[in-house]
Amino acid sequence: VKTLDLTVYENLRLENIQKMMRAKEKSAKVIGTYCTYCPRELILAAGAIPLSLCGTTEVPDEIEMPRNLCPLIKSSYGLAVTNKCPYFTLSDIVIGETTCDGKKKMFEILKSKGIKDVYVMHLPQMPDTKASLALWLEELRNLKTYLEKKLGITITDAALREAIHITNEESRARQRLFDLNKRKPALLSGLDMLNVSYQVMFLADPQESIRIIDDLAAEFETTAVSSGDETPEKRILLTGAPVGVGSEKIIRLVEECGAIVVAMENCGGYKTLGLRIDENNRSDPLLLMAQRYLKIPCSVMSPNRGRLDLLKTMVCDFQIDGVLDLTWQACHTYNIESYFIADMVKSKLGLPFLQLETDYSDSDVETLRVRIEAFLEMIE
Ligand code: SF4
Ligand code: SF4
């Protein structure tokens with residue numbers, strides 16, 4: 001694989017903080033989001049800047065959250081209340097969803113602190129029922145009304161359709177980049193793939209991030225033609241809880257042990273990329289969005305068959321040799337759902353499978369390394 005100069009992307013992200021501050025001086029509004037279920041199109045159509053508030057950095061245990069809580073929730077909360085995240089500070093409003101129990105209760109406390117306007121959407125958790133669709137559509141309508149009142153604007157259908165086009169383009173570009181690793185040998189390490197796709201999520205202008213990803217993918221597509229490297233590689237698919245820069249230790253360990261994370265199914269990876277809205281469909285754009293978001297195969301959904309279907313396709317498309325399922329400590333949904341993933345990967349696909357439960361600290365790195373080495377030895 002070719003190594004990228006990641007400082008370019010890191011610098012872009014940092015420069016964007018200044019850009020956002022200048023935009024705010026000219027009265028632009030920034031809206032922080034915490035989850036893939038947040039309807040980004042509504043924020044774009046409102047003329048505001050959507051910003052992912054990641055929660056991928058370890059925070060001290062002193063914050064008023066239980067110690068044995070998912071590190072992602074602790075991080076999201078800790079960065080907010082300690083004012084250590086420039087993106088949270090920049091946000092005028094933050095939007096949360098009732099996904100897992102930990103997150104929804106965390107949002108209650110965050111709201112009670114009054115540091116920011118916190119708006120929480122009620123996410124139904126049975127993806128296929130009419131009642132869920134009706135409820136989620138109503139939630140989208142409520143968010144639209146909230147944003148219109150709060151920002152003193154009107155969100156038109158035309159603006160929503162334009163926003164749908166932008167988010168479709170974002171998904172198309174990201175998929176183009178991720179698809180580079182369908183080739184054998186893979187073109188990019190999992191760490192580089194994560195770094196680039198993560199850093200560009202913080203750019204204020206979606207067109208800029210689309211262009212950067214397209215340019216990078218185009219560059220690699222050309223390189224691949226001239227590459228004659230046929231070195232055998234162990235190709236790993238990472239599934240499970242979300243990973244970002246700061247919480248990438250599992251990817252780092254896998255690659256230090258000589259394998260490559262060629263594909264990531266989790267949020268930030270492939271989870272939503274295929275769920276694009278048909279831009280020729282003239283139905284109510286909010287209905288199209290509600291239908292699309294309910295298809296996201298997150299473990300908070302019950303049942304969550306979409307994840308199994310997506311994994312099956314990815315194992316085939318990326319010529320996967322083994323599947324690694326990451327569970328953040330105290331995440332019940334991913335932890336328990338691992339039963340179905342293990343069953344499918346081992347019994348139906350006949351591949352080595354490993355579930356790892358960990359947090360953001362480095363205290364278990366050597367134990368994890370031993371387990372990953374043993375897992376990789378199972379791959380011929
Ligand atoms: S894993 Fe589920 S709850 Fe977490 S960010 Fe993704 S969609 Fe949201
Ligand atoms: S990893 Fe699990 S517990 Fe943590 S925020 Fe996501 S769904 Fe909730």
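All ligand and atom numbering here is 1-based and tracks the order in the structure. Computed from a predicted structure; not experimentally measured. Only heavy atoms go into these numbers, but all of them, side chains included; no hydrogens, no water, no symmetry mates.
Among the atoms of Cys331, an N, O or S atom is found under 2.8 Å from atom 2 (Fe) of ligand 2.
Side-chain contact between Leu69 and Lys105 is absent, with no heavy-atom pair separated by less than 4.5 Å.
Taking atom 4 (Fe) of ligand 2 as the reference point, the nearest protein heavy-atom neighbour is Cys70 SG, 2.3 Å. Regarding atom 1 (S) of ligand 1, its nearest protein heavy-atom neighbour is Tyr334 OH, 3.3 Å.
A perpendicular orientation is assigned to the rings of Tyr37 and Trp136, their planes being inclined by more than 60° (bins at 30° and 60°). The aromatic rings of Tyr146 and Tyr119 are tilted relative to each other, their planes meeting at an angle between 30° and 60°.
Taking 2.8 Å as the limit, the number of protein N, O or S atoms around atom 6 (Fe) of ligand 1 is 1.
Between the side chain of Asn83 and the main chain of Thr89, no donor-acceptor pair closer than 3.5 Å is present.
In terms of heavy atoms, Val118 sits closest to Phe107 at CG1-O, 4.3 Å.
For ligand 2, the atoms lying closer than 4.0 Å to a non-hydrogen atom of Cys100 are 3 (S), 5 (S), 7 (S), 8 (Fe).
Residues Gln355 and Thr327 have side chains that bring a donor and an acceptor to within less than 3.5 angstrom of each other.
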Requested in this report: Take Arg211 and Asp215 through the salt bridge (Lys or Arg N to Asp or Glu O under 4.0 Å) test and state the conclusion after the steps.
Outcome: CA-CA 6 Å; Arg211 183 185 49 74; Asp215 286 352; 3.7 Å; yes

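By the 6.0 Å contact criterion, CZ on Arg172 is enclosed, its count of non-hydrogen atoms from other residues, nucleotides or ligands being greater than 12.
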